[in-house]
Amino acid sequence: MSSIYYISKSDIVERVKGLKTDKLLLVVDENVLKSYEDFISNLKDLGKEVIVYKAKGTEGLKTLAYLEECLEFFIEKGAHRNCHLIAIGGGVTSDFAGLVASILLRGVSWSVIPTTLLAMVDAAIGGKTAVNSRFGKNLIGSFYQPDNIWIDSSFIETLPPEHIQSGRGEILKYILISSGIYRQAKDARTTFNALISSCAQFKKLLVEKDFKEIGERKILNLGHTFGHAIEKMYPISHGAAVYYGMRFIFELFDEKKNHEVLDEVTSALGWEFGSVPWKGEGIDVEKVMSYVSKDKKVAASGVLEIIRLKGAGTPYIDKIELAKLNELLIKRKANIDAL
Ligand SMILES: NC(=O)c1ccc[n+]([C@@H]2O[C@H](COP(=O)([O-])OP(=O)(O)OC[C@H]3O[C@@H](n4cnc5c(N)ncnc54)[C@H](O)[C@@H]3O)[C@@H](O)[C@H]2O)c1
């Protein structure tokens, strides 16, 4: 199981120093490398051998070609079984580096230093690692838990606004699926750091109960089924797509109360998401269906698993046949268009 620590950069350096290894393999996002030179050089100055792989700072990193390049790079530099790999970056870096750690020399231990809001509350936690296939996102990967997740939320200070918004989309999802986080979000005394740690702990607990996502962990996918389709159709971030994916599913099933809960917490936090990306032109039902039918959660029988909400803090797993979904989409299209 992973341990999550909320600590400063200097404390992270101390923790890394304490790792029982003589060799560190760092996979560092290129933009993080640029903005945090001092931090990275402090990690290099611990009396251990440090090998740095500079990772592309875009989704384009998550390919078999870069996976091979990174594995061969570390092997050439003398990686051994007792090395410890550290991913430093957002979800792209941790997805990629975790997969490297899981197959390099049949697996080396690893830790994550998440530097995006989305990675702090979601991607760095849970041990899902992956690169993309030409047939779809995250189709080549493994479940491989990091030993440590070291969170210093001040990394967010240099994060571009669209990536802050992305993390907020995922945080809103946690608020809707957890009654404790819902109450916390409405409490004016809550700090942003406290919200980050509640989301991260909530995911950690779910992962401990259901590591391979065969049951309860699936509730983390609220907003994701349609969110993934929206993410492919419009140039928006993952978390923003999850936010619109929640709006989409609430409207599909005509759930006004759920819209109100989402409005309530979004405005309590002073956040704004603006209009849906299909405003004016309407949603392309055929395209949505084509992406949704390729979802990993579609069973051979053509039944799709979707996460729905009874109210704040009460998510549940529902199933719908693809043919029924198509009918419902056509019936509710005008409402979804008007969101
Ligand atoms: N494994 C999981 O459970 C899981 C969950 C959710 C998402 N993901 C994956 O996460 C990925 C998205 O990750 P993300 O949203 O964290 O974005 P990201 O890793 O793509 O980072 C976003 C951008 O911010 C830059 N960046 C990162 N940290 C920075 C910092 N502190 N200052 C300035 N720039 C910085 C990066 O270079 C990049 O350009 C997707 O590939 C998605 O599939 C995985």
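Side chains are part of it too, since the values below use all heavy atoms of this structure and drop only hydrogens, waters and symmetry mates. Count residues from 1 along the sequence.
- Residues passing the side-chain hydrogen bond (donor to acceptor under 3.5 Å, both in side chains) test with N42: none are found, sequence neighbours excluded.
- With sequence neighbours excluded, no residue forms a side-chain hydrogen bond (donor to acceptor under 3.5 Å, both in side chains) with R106.
- Evaluation of the side-chain hydrogen bond (donor to acceptor under 3.5 Å, both in side chains) rule for N326 yields no partner, not counting sequence neighbours.
- Partners of K48 by salt bridge (Lys or Arg N to Asp or Glu O under 4.0 Å), not counting sequence neighbours: none found.
- Side-chain contacts under 4.5 Å among hydrophobic residues (ILVMFWY), followed directly or transitively, place F143 together with V207, F211.
- Cluster partners of L205 are absent, since no Ile, Leu, Val, Met, Phe, Trp or Tyr has side-chain heavy atoms less than 4.5 Å from it.
- Residues passing the salt bridge (Lys or Arg N to Asp or Glu O under 4.0 Å) test with D318, sequence neighbours excluded: R308.
- Applying the side-chain hydrogen bond (donor to acceptor under 3.5 Å, both in side chains) criterion to E208, with sequence neighbours excluded, gives K204.
- Legend: ring pair (Phe, Tyr, Trp, His ring centres under 6.0 Å) pairs involving residues 246-270, not counting sequence neighbours, sorted by first then second residue: F226-F248, F248-W278, F250-H259.
- The minimum heavy-atom distance linking N82 with K20 is given by the pair ND2-O, 3.6 Å.
- Scanning for salt bridge (Lys or Arg N to Asp or Glu O under 4.0 Å) contacts around E162 gives an empty result, with sequence neighbours left out.
- For residues 22-51, the pairs satisfying ring pair (Phe, Tyr, Trp, His ring centres under 6.0 Å) are Y36-F155, F39-F155, with sequence neighbours left out.
- Relative to the six-membered ring of Y5, R15 meets both conditions, a distance below 6.0 Å and an angle of at most 45° to the axis.
- Within the structure, the ring pair (Phe, Tyr, Trp, His ring centres under 6.0 Å) test picks out the following pairs touching residues 73-108 (sequence neighbours left out): Y53-F73.
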